[in-house]
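These notes are about the structure you will find just below.
Only heavy atoms go into these numbers, but all of them, side chains included; no hydrogens, no water, no symmetry mates. Labels below follow one simple rule: chain letters A, B, ... track the order of the sequence lines, proteins then strands, and each chain is numbered from 1.
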Amino acid sequence: MKNTRILITGVGGQGTLLTSRILGRVAQMRGMDVKLSEVHGMSQRGGSVVTYVTLGEKVYSPLIEPGQADFMLTFEQLEALRYAHMVAPGGHIIVNTQRISPMPVVTGAAAYPEGILETLAAKPVHIHPVDALAMAMEAGNPKTVNTAMIGALARWMQSDKELFLEAVRTCVPEKTRAVNEKAFLIGWEHP
Amino acid sequence: MKELLLGNQAVARGAWQAGVSVVASYPGTPSTEITEAIALFPEVRAQWATNEKVSLEVAFGASLAGARSMVCMKHVGLNVAADPLFTASYTGVNGGLVVVVADDPGMHSSQNEQDSRDYARAAHLPMLEPSDSQECLDFTRYAFALSEAYDTPVLLRLTTRVAHSQSLVEVGEREMPPLKEYKKDVAKNVMMPAMAKGRHVALEARMERLSRDVNEGGCFTIQDGSEELGIVTSGIAYQYVMEAVPDAKVMKLGMVYPLPLEAIRNFAAQVKRLVVVEELEPFIQNQLLAAGIPCEGKELWSIQGEYTARGIAKALGREVAEGMAPQEGLPGRPPVMCPGCPHRGTFYVLHKMGLTVLGDIGCYTLGAAAPLSSIDACLCMGASIGMAMGMEKARGRDYSRKTISVIGDSTFLHSGMTGLVDAVYNGGHITVGILDNSITGMTGHQENPASGKDIYGNPAPAVSLEEVCASLGVQDIHVVDPFDLKAAEKEVRAALDYDGVSVVIFRRPCALLKEVLRNPKPPVVITDACVKCGMCMRIGCPAITRDADGMHIDATLCTGCGLCVGLCPSKAIAEGGKA
Ligand SMILES: Cc1ncc(C[n+]2csc(CCOP(=O)(O)OP(=O)(O)O)c2C)c(N)n1
């Protein structure tokens with residue numbers, strides 16, 4: 001069976017590392033091989049960040065190359081567009097509709113692109129916009145954006161809901177378990 | 001169940017299993033998490049040292065005393081630790097001593113792309129290189145055994161993609177070798193010329209023995225494949241090779257110095273084409289060529305940056321799928337100073353004063369980026385002070401009145417103090433800004449000698465930066481809050497005008513410190529008085545944006561630090577908005 005490759009992109013500080021940890025746990029629970037590649041350091045300071053997750057029978061390279069990702073989970077619109085070429089034709093992009101202006105936009109040196117979702121829709125991939133912040137608020141904590149996104153991803157991956165839920169439970173701090181479960185389920189229901 | 005671990009966590013686990021009892025390190029991406037993970041094991045005495053040289057000396061002392069010890073650093077840290085390293089190669093060890101060095105091909109978080117493998121050859125030390133987290137654990141354990149068996153420090157080399165990738169690891173329990181006996185041994189441990197000559201003989205004999213022994217196996221594996229193509233590789237490049245050319249015959253080296261040259265010669269004889277796949281320098285390739293083993297390598301790919309499976313396949317003449325082209329013309333998203341960052345105030349003032357700013361390494365290096373655009377030069381840790389001295393010597397006192405060095409608290413203690421003494425001693429007229437945010441920020445919040453806590457978060461004596469500067473002979477010392485822009489400008493002006501060496505300590509804790517986060521302030525808001533002058537945009541705060549309607553403050557990003565409030569000429573920014 002072919003390996004499954006998932007790219008997670010966003011802005012440093014948005015919690016992409018927890019997301020990859022949950023996916024890693026899912027792979028482990030299924031008895032699959034898995035590799036995650038993260039970037040720590042400099043770019044975590046509000047820069048563009050990418051995490052690679054590959055699961056399957058045997059995984060060698062921890063990286064994902066252009067056109068290889070089966071799924072892309074994106075926490076910010078512009079970052080979805082920046083990395084869209086990484087997704088395989090027919091792959092899925094789950095994009096949080098939040099917009100965060102990068103510094104060149106803040107300083108006025110560049111404009112934030114308009115119509116990103118439309119541009120994405122014109123590409124040979126499936127686009128699933130989600131308002132993850134609203135989902136997280138509905139769950140009761142804006143910090144659960146990433147678990148809501150994982151809920152949506154799990155649905156599009158046609159995965160076992162209970163397995164994912166268990167992975168979420170074991171990866172988040174005990175205190176926030178209930179609210180994270182709730183966020184996951186909201187994401188699952190509204191992929 | 002196997003555990004999913006970062007390469008760095010696996011190194012820590014391997015060291016713990018091997019019975020390491022002392023670990024001293026200075027943080028540096030991508031090596032930092034090793035020491036953070038080690039500090040979670042109660043049996044190990046871990047510490048953040050002031051710099052890499054001190055770290056290695058502490059670990060060396062522990063080894064001398066008979067304990068297994070380890071020191072971890074990023075590639076440029078090994079430059080700082082090179083002095084003790086080269087001579088520790090002569091003395092050898094008592095307890096096993098492992099030196100972990102993490103290279104950063106592609107420069108994700110570094111100022112250069114040096115290849116640490118050259119240190120192994122230059123210092124005549126064995127070097128191991130794992131290719132995934134399991135090997136990180138296994139090779140670290142093996143490194144301790146090797147160190148004691150051959151009486152030598154052992155280098156363990158990681159690269160970013162190994163250090164910062166997670167993969168599954170079979171973990172084990174701790175074996176605890178007893179503390180070895182300590183015996184005074186002048187001929188072995190006092191490196192004066194007479195003794196060093198004797199030790200150089202011992203060192204060469206040890207390397208000769210090791211160079212022979214490595215051919216017997218254990219430090220390399222061979223995967224069978226077609227005789228058409230043979231690959232010699234190591235580290236992360238091995239993983240790319242396995243995807244790029246799964247049909248090839250592959251020799252994976254676990255030890256990259258000394259090389260198992262006879263085993264490689266045998267391997268070469270079994271294939272029609274031999275190719276070395278290694279990121280950065282042609283380290284393996286050149287040794288093969290020197291040994292008369294014909295091979296290809298750097299003719300096919302670059303000595304710069306990271307490799308990919310597809311890039312390797314392409315260079316070897318394989319067909320590869322191409323994805324869509326990346327979207328062009330998108331605004332970049334470079335890293336930025338966080339909202340509430342104290343450095344923002346400092347750089348606003350320095351930029352406004354139009355100074356030449358000699359920078360150093362830390363979060364504050366981001367002061368080079370627009371719109372603060374303050375920094376003129378950045379070289380290595382500690383260099384800002386020496387550079388200011390050199391500028392003054394070259395361009396004179398009047399020029400140095402328009403020049404300031406900026407250096408973080410951790411960096412100052414790492415290697416800025418020596419530059420400051422030099423300036424005092426040599427009659428400099430320089431001004432040094434110490435940006436004291438009470439933490440080692442850039443590498444993810446490690447404690448340092450001025451922060452008042454040790455690696456475990458326990459209280460530790462806090463070194464006073466002003467007392468250090470005074471005791472080094474600095475007579476003009478200013479302390480200021482960088483968010484008090486008027487006072488900051490005044491103090492900097494006074495320091496620049498002072499005849500002699502001045503220090504301005506810009507003191508305000510990092511906005512991400514737990515103590516700061518525990519007392520959140522409500523975000524600020526823009527009121528109707530706003531005339532859209534754009535003054536608030538000049539500080540480059542990611543929470544402030546502008547569109548056709550005017551300025552906006554993102555309440556989810558704003559920390560309520562209030563820097564922009566004082567800046568607004570129309571008093572149109574109010575404190576105390578709703579979070
Ligand atoms: C020789 C060397 N060791 C380690 C590093 C990694 N490094 C870069 S910046 C930094 C710490 C900076 O801390 P500080 O000076 O307090 O500034 P801050 O980031 O807190 O503003 C470290 C450890 C390096 N670049 N060079």
Side-chain angles (χ1 to χ4, degrees), chain A residues 11-13 20-21 24-25 27-29 31 33-48 52 59-63 65-69 76 78-79 81-89 100-113 119 123-125 133 142, chain B residues 1-4 6 29-30 32-33 108-110 132 160-162 164-168 236 238-243 306 308-311 321-327 329-338 363 366 369-371 442-444 534 537 540-542 544-547 554 556-557:
Chain A
V11 178
S20 58
R21 200 142 35 103
R25 183 60 57 85
Q28 253 181 305
M29 287 163 47
D33 192 15
V34 59
K35 280 191 181 161
L36 318 179
S37 183
E38 315 166 344
V39 177
H40 300 218
M42 194 83 173
S43 47
Q44 274 180 292
R45 299 273 174 272
S48 165
Y52 308 92
V59 181
Y60 287 106
S61 171
L63 301 187
E65 299 188 46
Q68 283 188 336
E76 200 277 345
L78 174 57
E79 297 313 306
L81 195 51
R82 193 186 312 286
Y83 293 104
H85 67 287
M86 301 295 288
V87 179
I100 301 176
S101 296
M103 198 41 69
V105 171
V106 170
T107 60
Y112 195 99
T119 312
K123 297 185 187 281
V125 290
L133 188 61
Chain B
M1 190 160 87
K2 288 184 177 180
E3 288 190 30
L4 188 57
L6 275 179
T29 314
T32 313
E33 298 82 5
H108 296 276
S109 296
S110 304
D132 62 15
T160 300
R161 296 295 180 188
V162 171
H164 284 169
S165 289
Q166 300 190 32
S167 57
L168 297 170
I236 193 67
Y238 161 78
Q239 308 291 355
Y240 303 148
V241 164
M242 293 306 287
E243 284 202 0
E306 295 189 284
T308 61
R310 198 180 277 165
E322 303 282 353
M324 292 183 272
Q327 189 86 23
L330 297 181
R333 193 183 297 273
V336 290
M337 281 180 201
C338 307
C363 290
L366 294 170
M442 181 87 267
T443 41
M537 306 296 297
C541 177
I544 312 178
T545 54
R546 171 180 213 162
D547 62 17
D554 183 333
T556 61
L557 292 175

Heavy-atom distances under 4.5 Å only: say whether B:D547 touches chain A with side chain, backbone, both or neither.
neither

Among the options A:E79, A:R21, A:M29, A:R25, pick out the one with the most heavy-atom pairs lying under 4.5 Å from chain B.
A:E79

Heavy-atom proximity to chain B below 4.5 Å, by part of A:T119:
side chain

Please determine, among A:V125, A:V87, A:T107, the option with the most heavy-atom pairs under 4.5 Å with chain B.
A:T107

Against chain A, label B:A321 side chain, backbone, both or neither, depending on which of its atoms sit under 4.5 Å from a heavy atom there.
neither

Chain A heavy atoms under 4.5 Å from B:P30: which part of the residue, side chain, backbone, both or neither?
neither

Give a yes or no on whether the backbone of B:P331 and the side-chain of A:R82 come within a donor-acceptor separation of less than 3.5 Å.
yes

Under 4.5 Å heavy-atom distance to chain A, tell me which part of B:E3 shows up: side chain, backbone, both or neither.
backbone

May I ask you to name which of A:G67, A:P124, A:P62 has the most heavy-atom pairs under 4.5 Å with chain B?
A:P62

For chain A, which candidate among B:L557, B:T32, B:T308, B:D554 shows the most heavy-atom pairs at distances under 4.5 Å?
B:T308

NZ on A:K123 to CE on B:M324, rounded to 0.5 Å
6.0 Å

Measuring from atom CG of B:D132 to atom OG of A:S61, what distance do you get when rounded to the nearest 0.5 angstrom?
12.0 Å

Name the option with the most non-hydrogen atom pairs under 4.5 Å to chain A; the candidates are B:G311, B:P542, B:C338.
B:P542

Heavy-atom cut-off 4.5 Å, strictly under: side chain, backbone, both or neither for B:I544 against chain A?
backbone

Below 4.5 Å from any heavy atom of chain A, which atoms of B:C363 appear? Answer side chain, backbone, both or neither.
side chain

Hey, which of B:G540, B:G444, B:G329, B:G534 has the most heavy atom pairs under 4.5 Å with chain A?
B:G540

Nearest-0.5 Å distance, OG of residue A:S37 to CD1 of residue B:I236:
7.5 Å

Hey, which of B:R546, B:M537, B:R161 has the most heavy atom pairs under 4.5 Å with chain A?
B:R161

Under the side-chain contact (heavy atoms from CB on, under 4.5 Å) criterion, do B:Y240 and A:E65 qualify, and how do the steps go?
CA-CA 11 Å; B:Y240 303 148; A:E65 299 188 46; 5.9 Å; no

At their closest point, which heavy atom of B:S167 faces which heavy atom of A:K35, and how far apart are they?
CB-CG, 3.7 Å

Value for CD (A:E76) from CZ (B:R333), rounded to nearest 0.5 Å, stands at 4.0 Å

Might you point out which heavy atoms bring B:V336 and A:G46 nearest each other, and give the distance in Å?
CG2-CA, 4.3 Å

Under a 4.5 Å heavy-atom cut-off, does chain B meet the side chain of A:A111, its backbone, both or neither?
backbone

Would you compute the distance between atom CE of A:M103 and atom CE of B:M337 and round it to the nearest 0.5 angstrom?
9.5 Å

Pair count under 4.5 Å, heavy atoms only, with chain A: among B:Q327, B:M242, B:R310, B:E243, highest is B:R310

Count the heavy-atom pairs under 4.5 Å between each of B:S165, B:P334, B:A370 and chain A, then report the option with the highest count.
B:S165

Which portion of A:Y83 sits near chain B, non-hydrogen atoms under 4.5 angstrom:
neither

Please round to the nearest 0.5 Å and tell me the distance separating atom CG of A:D33 and atom NZ of B:K2.
7.5 Å

Quick check on A:V106 against chain B: is it the side chain, the backbone, both or neither that has a heavy atom closer than 4.5 Å?
both

Can you find a pair of side-chain heavy atoms, one from B:T545 and one from A:V105, that are under 4.5 Å apart?
no

Pair B:Q239-A:L63, side-chain contact (heavy atoms from CB on, under 4.5 Å): steps then yes or no
CA-CA 10 Å; B:Q239 308 291 355; A:L63 301 187; over 6 Å; no

